[in-house]
Amino acid sequence: NVEPKISSVVSISGFSSTYDLELDELNDKIGTIGDLAFPYLKLTQLQKFGKYEHYSGINGFRKTNTPGLIIASEDDDVVAPEFGYKLYKSKLPESRLEYLIFNQRGHHPYWTDEAWQKYSDFMDCTGGSCKDEAEQKIWDEALNDISERYSLTDDDDVSDYPEAWTEAINFLNSRFSAEILENSVDEAVIDKIDDFITKNL
């Protein structure tokens with residue numbers, strides 16, 4: 001949008017417009033009536049970003065001949081495909097855009113499948129639905145113990161209780177393997193990015 005001489009762009013789990021994401025979130029919560037909030041969103045975006053408010057990924061590509069590599073995953077629950085790579089494919093059906101699309105890597109398509117699965121399993125447990133029954137029992141016992149010792153109810157926000165919060169965080173850290181992040185990056189994806197940037201220098 002502002003620098004047409006950029007040699008190449010790599011977009012990882014990217015979106016074109018903040019409006020798309022905000023309206024999608026509103027519609028999830030209150031239905032299509034959320035579309036009526038667009039004038040309000042327009043105002044808040046103007047307040048936040050001023051003259052940059054109307055910029056988007058689609059318009060940026062249209063103003064340049066810059067090649068792009070779009071990396072995404074079908075199951076991204078942060079940036080839905082229709083606001084990311086599918087939008088680019090429909091609005092910019094040009095050969096200068098290349099795509100690397102995965103099926104089950106969520107919002108982290110640069111992670112290996114194994115790392116994403118381990119992370120996904122951990123997140124399932126934070127939501128109270130571990131796939132492994134033995135692991136679920138460990139979570140239930142630990143978190144119930146914290147709740148009982150600090151007299152917390154389901155309506156309480158544990159972050160409002162510093163000592164209980166510290167114990168809860170320590171437990172989460174004990175169940176999250178650092179190896180998930182240490183060995184998470186898919187080198188094939190990094191090589192693809194490196195090759196793409198290098199050939200367009």
Side-chain angles (χ1 to χ4, degrees), residues 10-31 34 41 44 48 57 69-86 100-194:
V10 176
S11 172
I12 302 176
S13 301
F15 55 88
S16 176
S17 167
T18 56
Y19 287 117
D20 292 337
L21 300 186
E22 293 197 35
L23 286 172
D24 182 52
E25 186 172 347
L26 269 174
N27 289 339
D28 276 349
K29 292 179 179 177
I30 60 176
L41 290 180
T44 59
K48 287 185 202 174
L69 172 62
I70 312 297
I71 303 174
S73 182
E74 287 279 1
D75 64 337
D76 190 336
D77 60 356
V78 178
V79 178
E82 58 265 33
F83 304 126
Y85 86 89
K86 287 185 177 179
L100 182 59
I101 309 301
F102 296 93
N103 291 322
Q104 295 180 324
R105 291 197 180 179
H107 196 54
H108 302 85
Y110 50 86
W111 282 9
T112 63
D113 290 334
E114 180 182 9
W116 174 250
Q117 187 59 59
K118 288 179 179 178
Y119 177 76
S120 181
D121 289 345
F122 173 79
M123 293 306 293
D124 285 343
C125 287
T126 65
S129 53
C130 295
K131 290 184 176 67
D132 182 283
E133 288 185 15
E135 182 68 7
Q136 186 64 58
K137 185 176 180 181
I138 292 171
W139 280 71
D140 290 343
E141 290 178 353
L143 297 179
N144 286 338
D145 179 60
I146 293 172
S147 293
E148 288 175 7
R149 283 188 292 108
Y150 293 95
S151 301
L152 302 178
T153 68
D154 290 341
D155 295 327
D156 290 324
D157 184 343
V158 68
S159 64
D160 291 334
Y161 302 82
E163 292 182 359
W165 179 243
T166 298
E167 286 195 36
I169 292 298
N170 288 340
F171 170 74
L172 292 178
N173 288 337
S174 75
R175 307 312 296 173
F176 186 83
S177 171
E179 292 180 1
I180 294 176
L181 297 181
E182 290 171 358
N183 304 307
S184 65
V185 176
D186 185 339
E187 293 185 10
V189 175
I190 302 305
D191 288 342
K192 174 73 173 177
I193 294 171
D194 184 48

Enter the distance from [X]:[atom1] to [Y]:[atom2] here, rounded to the nearest 0.5 Å.
| X | Y | atom1 | atom2 | answer |
| --- | --- | --- | --- | --- |
| Leu100 | Leu69 | CG | CG | 6.5 Å |
| Asp154 | Ser147 | CG | OG | 7.5 Å |
| Ser120 | Asp113 | OG | CG | 11.5 Å |
| Leu143 | Glu148 | CG | CD | 11.5 Å |
| Glu187 | Asp191 | CD | CG | 7.0 Å |

Donor-acceptor pair, Asp156 side chain versus Val158 backbone, under 3.5 Å?
no
Check whether Ser73 reaches the backbone of Asp76 with its side chain - one donor and one acceptor, N or O, closer than 3.5 Å.
no
CA sep, side-chain torsions, deciding dist, call: Asp157, Ser159, side-chain hydrogen bond (donor to acceptor under 3.5 Å, both in side chains)
CA-CA 5 Å; Asp157 184 343; Ser159 64; 2.7 Å; yes
Contact between [X] and [Y] at the side-chain level, heavy atoms closer than 4.5 Å - yes or no?
| X | Y | answer |
| --- | --- | --- |
| Gln117 | Thr112 | no |
| Asn103 | Asp75 | no |
| Ile12 | Ile193 | yes |
| Tyr110 | His108 | yes |
| Thr166 | Phe171 | no |
| Trp139 | Cys130 | yes |
| Glu135 | Arg175 | yes |
| Val79 | Phe15 | yes |

Those residues that, when tested against Phe102, pass ring-ring contact (aromatic ring centres under 6.0 Å, His included) (two or more places apart)
none
What verdict does the side-chain hydrogen bond (donor to acceptor under 3.5 Å, both in side chains) test give for Asp132 and Gln136, after you've listed the backbone C-alpha separation in whole Å, the side-chain angles of each residue and the deciding distance to 0.1 Å?
CA-CA 6 Å; Asp132 182 283; Gln136 186 64 58; over 6 Å; no
Glu133 bridged to Lys137 by N-O distance under 4.0 Å:
no
Is the shortest side-chain N to carboxylate O distance from Glu74 to Arg105 below 4.0 Å?
no
Kindly state each residue pair satisfying ring pair (Phe, Tyr, Trp, His ring centres under 6.0 Å) with at least one member in residues 141-162, sequence neighbours excluded.
none
Output field: ring centroids Phe176/Phe122 closer than 6.0 Å
yes
Name all residues meeting the side-chain contact (heavy atoms from CB on, under 4.5 Å) criterion together with Ile169; count only those two or more places apart in sequence or in a different chain, and write none if there are none.
Trp165, Leu172, Asn173
What orientation do Trp111 and Trp116 show, parallel under 30°, tilted 30 to 60°, or perpendicular over 60°?
tilted
